[in-house]
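Data block below; observations after.
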Amino acid sequence: MDYQALIEDVLSDVHAYRGTGKVASYIPVLAQADPHKFGMAIALEDGSTFVAGDGEEAFTIQSLSYVFSLALALHHVKSALWNHVGREPAGSPVNSIIQLEIEKGKPRNPLTSSGALVVCDQLIGRRGREEACAELLEFLRTRSGASDIGIDESIAMSESRAGAFNRSLAHFVAAFGNLSNPPEEVLSLYYRQCSVAMSCRQLAQAGLFLAFDGVDPVKGEVVCTPSRARRINALMLTSGHYDNSGDFAFRVGLPGKSAVSGAILAIVPRVGVVSVWSPGLNDAGTSLVGAVALERLVERTGWSIFV
Ligand code: GLU
């Protein structure tokens, strides 16, 4: 298959949609994003990558980071993580607090904001947030092969200032005894992981281990066990896109994760990883153009896991 021609074709498929959707405004710096931007990248088993549009431009990965911190937390605490966070789809907005009260501070799954905060807490463990943050950065650098990946501190600051929702969630979870570190420590790691800046190409490379049973096919390194990779993919399929995870599975049919910056990471098991970025969001918070692009890509390739 001519993959470069493929993503160029998808780029023209979505042309009419560019600029549609609403850029997130609750984080002031994100509100400045240009909704016309659109980037896409594919990374394959042999390490080759194909990029279109603004696919080399860095943006903050926001909640795509949840997937990587989950992989690391599972590495550290293994199945004990599930004492603190569940595995069921939430079916409610990402930062909903209602369910959390009913379920006594145990978030529905690690891909909600409260779930990601609990994962950050476990990742910090007893060693402090700086070390945990350094580990996550190093992980992303190694996996993507880009040693200059860093944190956009202005966005982390902007998020922290506008972070009343996340602060409420962290304190609420803590009130139920489900955080072992002070909420502000946990929030600090959380904002920083959300503010890691990466391009579509780097993200596609970083996610490759999830498409190949936990093994980085390029370096031949075991990143996690096959069952852990499979389970992270299962969580992405059922809970990766806020309360439009069902719609995403219906339209695209790939494990994935959407983020408020307009990024989407999609795993094509045994084939590779696709990442897209376009800041205009649909009503549920998934990139509007990004989801259309993945839908077209899957139509053109037959890559849905439901064949
Ligand atoms: N940092 C964002 C927040 O906590 C991430 C949300 C997202 O990407 O879904 O609000």
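First listed ligand is number 1; within each ligand, the first listed atom is number 1. All values below were derived from every heavy atom in this structure, side-chain atoms included, with hydrogens, water molecules and symmetry-related copies excluded. Since we're looking at a predicted model, the values are computed, not measured.
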Given that the side chain starts at C-beta and the backbone is N, CA, C, O, which of these parts of [X] lies under 4.0 Å from ligand 1, counting heavy atoms, or is it both or neither?
| X | answer |
| --- | --- |
| L64 | neither |
| Y26 | side chain |
| Y191 | neither |
| C194 | side chain |

Distance filter under 4.0 Å to [X] heavy atoms, resulting ligand 1 atoms:
| X | answer |
| --- | --- |
| E159 | 1 (N), 2 (C), 3 (C), 4 (O) |
| Y242 | 7 (C), 8 (O), 9 (O) |
| S63 | 7 (C), 8 (O), 9 (O) |
| A259 | 8 (O) |
| N166 | 3 (C), 4 (O), 10 (O) |
| Q62 | 1 (N), 2 (C), 5 (C), 8 (O) |

Whether F165 lies under 4.0 Å from ligand 1, heavy atom:
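In this structure, F165 fails to qualify as a contact of ligand 1 - no heavy atom is under 4.0 Å.
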Sidechain N-carboxylate O distance under 4.0 Å for E138, R143
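Between R143 and E138 there is no salt bridge, as every charged N stays at least 4.0 Å from the carboxylate O atoms.
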Using a strict threshold of under 4.0 Å (side-chain N to carboxylate O), is an ion pair present between R129 and E184?
no
Determine, using the 4.5 Å side-chain heavy-atom cutoff (strictly less than), whether [X] and [Y] are members of one ILVMFWY cluster.
| X | Y | result |
| --- | --- | --- |
| F250 | V276 | no |
| V118 | F165 | no |
| L297 | V268 | yes |

Can you confirm if the NZ or CZ of K219 lies within 45° of the ring axis of F212 and under 6.0 Å from the centre of its six-membered ring?
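No cation-pi geometry.
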Taking atom 4 (O) of ligand 1 as the reference point, the nearest protein heavy atom with its distance:
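It is Y190 OH, 2.5 Å.
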Checking side-chain polar atoms at under 3.5 Å, does Q99 have a donor or acceptor matched by the opposite partner on S92?
yes
Can you see whether N244 engages T286 through a side-chain donor-acceptor pair at a distance of less than 3.5 angstrom?
yes
In terms of the angle between their ring planes, are F68 and F209 parallel, tilted or perpendicular, with boundaries placed at 30° and 60°?
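Ring orientation, 0 to 90° scale: tilted.
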Do any N/O atoms on S258 end up under 3.5 angstrom from N/O atoms on ligand 1?
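It does not: no N or O of S258 is found under 3.5 Å from an N or O of ligand 1.
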